[in-house]
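Report on one structure; see the data block that follows.
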Amino acid sequence: MNLSEKARKLDEADGLRAKRAEFVLDDDTVYLDGNSLGALPATVPGRMADVVAREWGRLRIRSWTESGWWTAPERIGDRIAPLVGAASGQVVVGDSTSVNIFKALVGAVRMAAAERDEIVVDATTFPTDGYIAESAAWMTGRRLVAVDPRELRTVLGPRTAVALVNHVDYRSGRLYDLPGVTAAAHAAGALVVWDLCHSAGALPVGLDAHDVDLAVGCTYKYLNGGPGSPAFLYVRRDLQPCFDTPLPGWNSHRDPFGMSLRYEAADGAPRGRVGTPDILSMLALEAALEVWDGVPIEACWSPQLLATPRGGLGVGTDRAEPGKIPPVRRIPVASS
């Protein structure tokens, strides 16, 4: 059987085949760039036309309440939550991935004991994660430790405050052991921030099941939110009361319209908000998420690929040469 015939038969057997009709795609296009920008769901243009013409054009400021603009960050967060294995009330949408990584990292350091003076980062991470980790270490007076992600468990210890780890390597597609690394960090008394940008909407994550502390992800890739659509922040429910955001904006205030000069953090997921939500892109994302109605994330992923080799971090999605990962990128460490 040639590859074309094999592909045709696989398509015919695909339980999600009908979903293609819910996206704006050319008939002869095989779109393989969802890792950079998800395709446009067909419901989005009509929804955005209504948002602009009616909600903004006619209702104007009334839409903050009548159209649910004010509660959109939490409402859309609850739509994303099942796709990353989280219960409601733990995910908030807003800001960029970079901003949310900063909030999560510094917030985690503030939850750690004072003697925990190290931030561990995946040395092969997406560059922005490394830049922010370096800045967070400098700002909080911690030392940055950049390591080969396969050696993470060996460096986690009594000095580790938090580890920032990518769930999927953006270059090789290597999937790292989220349950194992999270458990190892907790055994060492540390917290973990997971970057889900290349896994949210592509494969099961299981944030609640694996007791993940904090996680961040973008929405313009496999969640099809559109270019520059807002990212999301997950803070585990029992950590929310002690999550001390480094960006205490008025939107995360307990009484945002009280205009108090003294900051008091809101309860729950809204604690992760900062300023006024970017409503147009946020509502485009909400419309895009309708393609997930009735589709469990497990339907998008073959369970055969989830078997982790004994003693290893990589799984069946690793497309790199066996035993090889990209060279470790040395991140400068600010002097203490």
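Everything numeric in this text was worked out from a predicted model, so none of it was measured.
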Would you say the side chains of Tyr234 and Asn100 form a donor-acceptor pair under 3.5 Å? no
To the closest 0.5 Å, what do you measure between OG1 (Thr245) and CZ (Arg273)? 13.0 Å
What's the separation between atom CG in Leu83 and atom CH2 in Trp292, rounded to the nearest 0.5 Å? 5.5 Å
Find out whether Arg171 and Thr124 are in side-chain contact, i.e. whether some heavy atom of one side chain is under 4.5 Å from a heavy atom of the other. yes
Listed partners of Trp250 passing ring-ring contact (aromatic ring centres under 6.0 Å, His included), at least two apart: Trp70, Phe257
Do you know which two heavy atoms are closest between Ser199 and Val205, and how far apart they sit? OG-CG2, 4.1 Å
Would you check if the side chain of Asn224 reaches a backbone N or O of Ala288 as a donor-acceptor pair within less than 3.5 Å? no
Check the pair Lys103 / Asp95 against salt bridge (charged side-chain N to carboxylate O under 4.0 Å, His left out), numbers first and verdict last. CA-CA 10 Å; Lys103 288 188 284 188; Asp95 306 309; 2.8 Å; yes
Do any N or O atoms from the side chain of Arg159 and from the backbone of Arg116 form a donor-acceptor pair under 3.5 angstrom? no
Atom pair SG (Cys197) and OH (Tyr222), whose distance is rounded to the nearest 0.5 Å: 11.0 Å
Salt bridge check: are Arg153 and Asp177 linked by an N-O gap of less than 4.0 Å? yes
Around Leu10, counting heavy atoms of other residues, nucleotides and ligands shown, do more than 12 lie under 6.0 Å from its CG? yes
Taking only residues two or more places apart in sequence, or in another chain, which ones meet Glu115 in a side-chain hydrogen bond (donor to acceptor under 3.5 Å, both in side chains)? none
Kindly list each side-chain donor-acceptor pair under 3.5 angstrom involving residues 37-56, sequence neighbours excluded, with atom names and distances?
unit_1, atom_1, unit_2, atom_2, d
Thr43, OG1, Ala287, O, 3.2
Arg47, NH1, Asp50, OD2, 3.4
Arg47, NH1, Glu55, OE2, 3.0
Arg47, NH2, Glu55, OE2, 3.3
Asp50, OD1, Arg54, NE, 2.9
Asp50, OD2, Arg54, NE, 3.3
Asp50, OD2, Arg54, NH2, 2.9
Glu55, OE1, Trp69, NE1, 2.8

Donor-acceptor check, side chain of Tyr31 to backbone of Asp26, threshold 3.5 angstrom: yes or no? no
Of all the heavy-atom pairs spanning Ala265 and Arg254, show the shortest one and how long it is. O-NH2, 3.3 Å
Spacing of Ile132 atom CD1 and Ile101 atom CD1 [to the nearest 0.5 Å]: 5.0 Å
